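Because only heavy atoms are used, hydrogens play no part in the values below, and waters and symmetry mates are left out as well, while side chains stay in. Given the structure is predicted, the values throughout are model-derived calculations rather than measurements. Letters A, B, ... are given to chains in the order of the sequence lines, protein chains preceding strands, and every chain is numbered from 1.
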There are 2 protein chains.
Amino acid sequence: MTDAAADSPATPPPSPWERERPARTHAAPARTPLSRERVVEAAFAVLDRQGLDGLSMRQVAAELGVTVSALYAHVHSKDDLLELMYTRLFDGFEVPEADPERWQEQLLDFARAGRQRLLSHRDMARISMAHVPFTAELLPHVEGLLAIFRTAGLPDRIAAEAGGLISTYIDGFVLEEGMWQDRAAQQGGDASSLARPDWREMAGEMQNYFASLPEANFPHLRALSGLMVTDSSDERFDIGLQIILRGLASYLPDQPDRPVPDD
Amino acid sequence: MTDAAADSPATPPPSPWERERPARTHAAPARTPLSRERVVEAAFAVLDRQGLDGLSMRQVAAELGVTVSALYAHVHSKDDLLELMYTRLFDGFEVPEADPERWQEQLLDFARAGRQRLLSHRDMARISMAHVPFTAELLPHVEGLLAIFRTAGLPDRIAAEAGGLISTYIDGFVLEEGMWQDRAAQQGGDASSLARPDWREMAGEMQNYFASLPEANFPHLRALSGLMVTDSSDERFDIGLQIILRGLASYLPDQPDRPVPDD
DNA sequence: TATCTTGATGAACAGCGTTCACTGGATGAG
DNA sequence: CTCATCCAGTGAACGCTGTTCATCAAGATA
């Protein structure tokens with residue numbers, strides 16, 4: 001909206017110098033020109049509707065009401081598009097400034113927020129898994145993580161691995177979440193249950209399955225059947241993360257309660 | 001070799017009752033009949049030669065000198081084939097019997113052996129990542145891991161997560177290894193270097209890239225440039241694993257040197 | 001007004017997973 | 001010995017995929 005038309009009462013007549021959008025004598029009603037951003041946006045729409053396996057260039061083009069080949073003017077290839085989606089997913093994702101006193105909470109928040117981003121679009125973990133975050137847009141995030149580790153006092157060799165370890169954990173966890181979800185969706189494959197697959201039911205089935213295993217061969221799986229697949233993944237996510245965080249903490253040179261380990 | 005023909009001097013005439021192999025009047029020289037096993041075997045051959053992206057049913061069929069549709073008599077679908085490859089990869093993969101005194105070494109060995117299996121075929125981590133190990137063939141491995149965790153004294157909630165955590169770490173690490181390898185291969189894309197991509201060179205390039213980042217924005221990445229991508233991935237793999245193991249160890253109720261944590 | 005640029009078109013190519021009517025050679029029965 | 005049966009493997013087809021390229025209409029520029 002231009003400022004020239006802002007204070008006119010309603011439907012101002014087109015001023016000849018303003019040269020408004022030509023309204024396209026054709027059928028297409030004033031379509032906004034294609035852009036890389038719009039292609040990525042449409043790709044997300046298709047992804048959420050059809051999943052990664054249903055995300056084809058033709059579907060994206062259809063979403064935009066445009067031919068396939070038109071996409072290639074804005075996107076180099078499908079892999080390129082996926083990479084754009086990947087980096088765009090973490091747009092505005094900020095790693096907090098390192099605070100040595102709160103490094104564990106900061107990492108917990110970071111991981112939770114990262115998981116939420118991955119959960120915000122279907123099959124996003126699969127896309128994320130296929131990319132190394134060493135692109136120009138994602139490097140600040142890596143740097144931010146390293147800052148937290150190093151100012152917390154972790155040895156450099158540990159800090160260098162910790163970022164990848166945590167990122168891999170997040171990706172892997174959400175990936176597994178998605179796989180359960182997909183399996184639940186295609187099992188109770190009615191059209192009605194496609195929208196919200198009955199995840200609780202599938203979790204119960206898995207628990208029953210584990211509990212039904214022969215005691216002689218699978219005593220531990222039976223014993224933990226109630227814990228392997230739980231209703232809320234949030235708890236499980238935090239537990240795995242805590243394991244990593246406590247592992248990292250064990251490398252801090254001066255623990256408050258404990259003597260320094262000589263490693 | 002039958003015992004009837006064992007003591008004849010050389011090229012014994014075909015005894016009519018023995019009904020030896022009909023020797024196939026046609027061109028095809030006594031081709032062994034197709035089988036699920038042979039299909040999987042051929043799929044591995046194609047995978048190692050062409051990578052996962054080049055692994056198509058048609059290529060597998062060509063590897064066997066057979067039409068595509070012939071495969072579908074032995075394999076339900078391509079996904080089915082991939083799952084067969086996945087479970088077959090861990091054929092004979094034994095988790096040692098749990099020894100509470102050596103649980104950390106046992107897990108270290110397990111993880112290293114798992115990584116070696118994944119490295120034994122190209123792109124195998126990508127396939128592994130797409131599968132949950134809760135199939136009948138892989139359940140004993142899960143059980144074996146749980147046994148190690150529980151007899152070591154880990155709380156059940158921790159034990160239930162530890163297996164997935166370690167498996168995810170192995171998969172993720174090898175996946176990343178493969179991605180670097182692929183990138184190195186397609187960068188120095190000469191036919192000569194395709195066989196053994198110059199991995200050292202690419203590692204050096206990445207180190208230089210990190211070291212060349214602006215000091216103001218990326219002090220930590222610069223400082224750790226020599227550690228983020230190293231020549232031998234083995235060290236890096238062990239370090240990440242040690243972080244996890246020390247995290248797990250922190251949940252043991254009675255540490256030798258330390259007071260029990262109240263969690 | 002004539003030329004150039006730009007963005008979208010639609011047809012085409014090679015390859016993909018999967019299905020299905022079919023066939024040719026081996027097997028077993030009468 | 002002949003016939004019927006069976007079955008593994010065939011080849012063509014369907015609809016889909018990612019990608020390329022000559023074409024074209026329309027707006028901008030000279």
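- The stretch residues 39-49 of chain B does not touch DNA chain D, since none of its heavy atoms comes less than 4.0 Å from the strand.
- Looking only at distances, no side-chain donor or acceptor of B:S128 sits under 3.5 Å from a matching main-chain atom of B:A125.
- Looking at B:H121, its side chain never comes within 3.5 Å of a backbone N or O of B:L47 through a donor-acceptor pair.
- Between the CD atom of A:Q50 and the C1' atom of D:dT17 there is a distance of 14 Å, given to the nearest Å.
- An OP1 or OP2 oxygen of C:dA8 is reached within less than 4.0 angstrom by a side-chain nitrogen or oxygen of A:H74.
- At a cut-off of 3.5 Å, with distance as the only test, no side-chain donor of A:S35 or A:E37 sits close to an acceptor on the other residue.
- Aromatic ring pairs are classed by plane angle as parallel below 30°, tilted from 30° to 60° and perpendicular above 60°; the pair B:H131 and B:Y86 is parallel.
- Geometrically, A:R115 does not engage A:F173 in a cation-pi contact, judged by NZ or CZ lying under 6.0 Å from the ring centre and within 45° of the ring axis.
- Judged purely by atom type and a 3.5 angstrom limit, B:S167 has no side-chain atom pairing as donor or acceptor with the backbone of B:G164.
- Remark: side-chain polar atoms of B:Y169 are not paired, donor with acceptor, to backbone N or O of A:T168 under 3.5 angstrom.
- Across all strands, B:A73 comes closer than 4.0 Å to no nucleic acid atom at all (heavy-atom distances).
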How does protein reach along nucleotides 13-20 of chain C, written 5' to 3' as B (base within reach of a heavy atom under 4.0 Å), S (only sugar-phosphate), or - (no contact)?
-> ---BBBBB
